[in-house]
Amino acid sequence: YLVDDPNYSFLKDLGLDKKNVGVFNGKWEANGQLIQSFSPANGKVIAEVQSASAADYEACAKAAQEAWHAWAELPIPSRGEIVRQIGDALREKLQPLGQLVSLEMGKILPEAIGEVVEYIHVCDLALGLSRTLPGTIFPSERPGHVLIEKWNPLGLIGVISAFNFPVAVYGWNSAIAMVCGDVSIWKPSDTTPLTAVAVTKIVESVLTKNNIPGAVAALCVGGKDIGQTLVQDHRVKLVSFTGSTAVGQQVGVEVQRRFGRHLLELGGNNAIIVNSDANLDLLLNAALFACAGTAGQRCTTTRRLLIHKKVFAEVVSRLKKAYGGVVSRIGDPLSSETLIGPLHTPAAVEAYKKTVAEIVKQGGTIEFGGKVIERDGYFVEPTIVTGLPHDSPLVKSECFAPIVYCIEIPDFETGIQYNNEVDQGLSSSVFTENLGDVFKWIGPHGSDCGIVNVNIPTNGAEVGGAFGGEKATGGGRECGSDAWKAYMRRSTVTINYSGTIKLAQNIKFGD
Ligand code: NAD
């Protein structure tokens with residue numbers, strides 16, 4: 001167990017042990033199966049986590065519902081103060097928590113630390129929100145009447161998260177939902193349970209210090225079964241789901257069946273259009289990280305480069321050279337030398353192998369990479385592909401690995417068409433110096449994605465804007481802008497202080 005290895009002493013700093021309890025309902029108690037958490041860099045067991053049984057889930061839901069009454073009564077700025085303290089507690093644990101994310105998920109340390117920083121940023125954003133949460137007064141057409149829009153918390157919400165952002169996705173939801181007055185049950189990915197336990201311990205420390213019931217932020221480590229239980233639970237007013245499109249579609253239908261609310265953050269198939277006038281130095285710098293970084297395991301990873309025919313050959317050749325410069329830096333994600341870590345699981349390696357074989361079968365050319373790296377852990381070569389048609393089923397699907405398809409476009413307009421022709425609608429980008437094309441790109445006939453960038457890659461969003469995508473990406477929005485609205489219910493209130501009853505639209509009823 002790596003938890004006993006002095007090289008990984010940061011695990012003990014986070015309160016983790018050989019065997020950990022994966023359920024928190026105010027108390028730590030679990031009766032489900034024992035899950036082993038593996039390091040994708042070497043395939044070794046880090047530690048074990050006892051997951052939730054159905055009864056443990058029930059205890060979480062009951063305790064969270066009970067905790068809600070006191071939590072919702074707290075003034076909003078007081079809830080903001082708790083979230084501010086959570087941000088500070090995360091700052092204190094930034095290094096060890098980043099190291100744990102790197103060890104358990106497999107992304108390189110700077111990105112893992114960046115993910116914790118993202119949670120801290122959302123705490124800052126939520127703190128501001130706690131002083132500015134709006135409610136509007138509208139003019140009434142009736143004398144002596146006023147129309148007020150009043151926002152109230154939803155109550156109990158559920159957060160189901162994916163393996164690839166084991167801290168940030170919870171943070172995006174939790175910090176905003178807490179300020180809004182909701183309590184939550186978190187069902188993290190069952191392949192990143194230690195990160196979920198460590199994050200919940202940090203949140204718990206702040207709640208305990210402030211005499212707030214711990215069940216305000218409940219945790220239920222488990223697999224598909226616990227996810228399904230949560231999705232079907234009528235007490236859960238909002239299910240915020242982050243994961244694959246296939247699972248997200250089932251979740252959306254199930255939640256709709258009971259008229260619950262859902263927020264879906266699903267798969268992407270993100271493209272960069274390289275215009276004929278693009279600054280290629282800028283593009284190549286951006287594309288290397290966007291296509292190969294995080295070993296292709298971001299929902300916003302660039303999977304398609306739509307390159308103008310004038311610069312196609314140059315871009316592919318320079319990209320190959322850039323990839324050549326990073327292969328020696330594939331390795332242990334915790335090492336400062338490393339730029340690209342492993343895939344997360346053996347299943348992901350199999351999916352990569354299958355996709356590469358299918359690319360070759362369908363006449364694609366592997367310009368770079370294409371092989372599994374023979375060493376401990378789940379490492380593959382970042383891969384560049386040419387020669388497949390823009391509408392090939394392979395190009396149109398998301399393989400969660402570092403494979404990028406280079407596709408030639410005759411002009412910018414065709415690039416927009418190709419960008420929009422996939423089912424997913426998460427992130428998109430154009431590299432151009434042409435102002436007219438920029439406005440076409442962000443206009444009604446431009447990109448149909450939720451994230452529409454210019455001269456930056458498809459990945460690396462900030463928390464200030466709303467994050468999410470259209471179409472098969474699910475339509476949900478999280479983080480900044482008015483994303484808080486998903487966590488609250490809206491009442492339109494009409495108050496009559498005129499002393500008489502008047503009907504709207506001047507309707508006369510009776511004499
Ligand atoms: P996944 O769909 O396999 O699992 C996501 C979560 O759903 C896990 O916690 C899993 O245990 C749970 N789950 C599985 N079956 C379920 C069911 N039937 N009911 C309820 N819950 C269930 O996804 P993954 O492999 O962990 O993550 C990768 C995917 O997530 C990629 O497609 C990626 O694009 C997407 N993603 C999207 C965003 C975004 O913001 N749009 C962010 C991160 C990841």
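Counting starts at 1 for both ligands and their atoms, in listed order.
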query = Short list, please: which atoms of ligand 1 are under 4.0 Å from a heavy atom of S189?
reply = 9 (O)
key: Of S37, S189, S39, the residue whose pairing with E104 passes side chain to side chain donor-acceptor pair (under 3.5 Å)   = S37
request  = Taking only heavy atoms of G267 into account, list the atoms of ligand 1 that are under 4.0 Å away from them.
outcome  = 32 (O), 34 (O)
message = On the six-membered ring of F165, is K107 placed so that its NZ or CZ lies under 6.0 angstrom from the centre and within 45° of the ring axis?
response = yes
query = Would K62 and E58 count as a salt bridge (charged side-chain N to carboxylate O under 4.0 Å, His left out) if you check the C-alpha gap in whole Å, the side-chain angles of each, and the deciding distance to 0.1 Å?
reply = CA-CA 6 Å; K62 280 218 173 85; E58 187 54 32; 3.5 Å; yes
note = Note: ligand 1 atoms sitting under 4.0 Å from heavy atoms of P188 are 9 (O)
inquiry  = Could you walk me through whether M105 and N164 satisfy the side chain to side chain contact (heavy atoms under 4.5 Å, CB included) test, starting with their C-alpha distance in whole Å, then the side-chain angles of each, then the deciding distance to 0.1 Å, before giving a yes or no?
reply    = CA-CA 7 Å; M105 184 276 160; N164 66 329; 4.1 Å; yes
key: Main-chain N/O of V197 paired to T200 side chain as donor or acceptor, under 3.5 Å   = no
query = Tell me, which protein residue and heavy-atom name are nearest atom 35 (C) of ligand 1, and how many Å apart are they?
reply = G243 O, 3.2 Å
key: atom 4 (O) of ligand 1 protein-contacted, heavy-atom criterion under 4.0 angstrom   = no
request  = Would you please determine whether G468 falls within less than 4.0 Å of ligand 1 on a heavy-atom basis?
outcome  = no
query = Do M178 and R79 come within less than 4.5 Å of each other through their side chains, counting heavy atoms only?
reply = no
message = Under the criterion side chain to side chain contact (heavy atoms under 4.5 Å, CB included), I'd like the reasoning laid out for V49 against L34: C-alpha separation, chi angles, the key distance, then a yes or no.
response = CA-CA 6 Å; V49 178; L34 219 49; over 6 Å; no
query = If you measure every N/O of T245 against every N/O of ligand 1, is any gap under 3.5 Å?
reply = no
message = Going by the closest heavy atom to atom 43 (C) of ligand 1, which one wins out of N164, T473, V159?
response = N164
task = Note the single closest protein heavy atom to atom 19 (N) of ligand 1, along with its residue, its atom name and the distance in Å.
result = Q228 CG, 3.6 Å
ask   = Got the closest protein heavy atom to atom 41 (N) of ligand 1, with its distance?
value = L266 O, 2.8 Å
message = Would G469 count as a contact residue for ligand 1, given that I'm defining contact as a non-hydrogen atom of the residue lying under 4.0 Å from a ligand atom?
response = no
task = Spell out, as yes or no, whether a donor-acceptor pair under 3.5 Å connects the side chain of S102 to the backbone of Q99.
result = no
request  = Begin from the C-alpha positions of K353 and V372 and carry the test side chain to side chain contact (heavy atoms under 4.5 Å, CB included) through to its verdict.
outcome  = CA-CA 7 Å; K353 268 165 61 180; V372 173; 3.4 Å; yes
key: Ligand-side contact atoms (ligand 1) for residue partner Q250, heavy atom cut-off under 4.0 Å   = 18 (N)
task = Mark yes or no for whether N269, through its side chain, and Q424, through its backbone, hold a donor-acceptor pair below 3.5 Å.
result = no
ask   = Just by distance, do the side chain of S184 and the backbone of I157 share a donor-acceptor pair under 3.5 Å?
value = no
task = Compare T192, V247, T242 and give the one whose heavy atom is closest to atom 15 (N) of ligand 1.
result = V247
inquiry  = Closer than 3.5 angstrom, by distance alone: can the side chain of R304 be matched with the main-chain N or O of K396 as a donor-acceptor pair?
reply    = no
key: From P166, A348, G222, S244 - option closest to atom 29 (C) of ligand 1 by heavy atom   = S244
task = Record the part of A246 in heavy-atom contact with ligand 1 below 4.0 Å; permitted values are side chain, backbone, both and neither.
result = neither
ask   = When only distance counts, is F400 in polar contact with ligand 1, meaning an N/O pair under 3.5 Å?
value = no
key: N453 and I451, any side-chain heavy atoms less than 4.5 Å apart   = yes
ask   = Please state which protein non-hydrogen atom is closest to atom 36 (N) of ligand 1 and give its distance, to 0.1 Å?
value = C299 CB, 3.6 Å
request  = List the closest protein heavy-atom neighbour of atom 10 (C) of ligand 1: residue, atom name, distance to the nearest 0.1 Å.
outcome  = K187 NZ, 3.6 Å
task = Examine ligand 1 and decide if any of its atoms is less than 4.0 Å from a heavy atom belonging to F165.
result = no
task = May I ask you to identify the nearest protein heavy atom to atom 24 (P) of ligand 1, giving residue, atom name and distance to one decimal place in Å?
result = F163 CD2, 3.7 Å
inquiry  = Any side-chain to backbone donor/acceptor pair from D423 onto A472? Under 3.5 Å, distance only.
reply    = no
N or O pair under 3.5 Å between D190 and ligand 1 = no
ask   = Polar-atom distance check: F467 versus ligand 1, any N or O pair below 3.5 Å?
value = no
task = Select one of side chain, backbone, both or neither to describe which atoms of E478 lie under 4.0 Å from any atom of ligand 1, heavy atoms only.
result = neither
ask   = Can you tell me the protein heavy atom closest to atom 32 (O) of ligand 1 and the distance?
value = E398 OE1, 2.7 Å
ask   = Centre of F259's six-membered ring, under 6.0 Å away, within 45 degrees of the axis: is that where NZ or CZ of R257 sits?
value = no
key: Protein heavy atom at shortest distance from atom 7 (O) of ligand 1   = F241 CE1, 3.2 Å
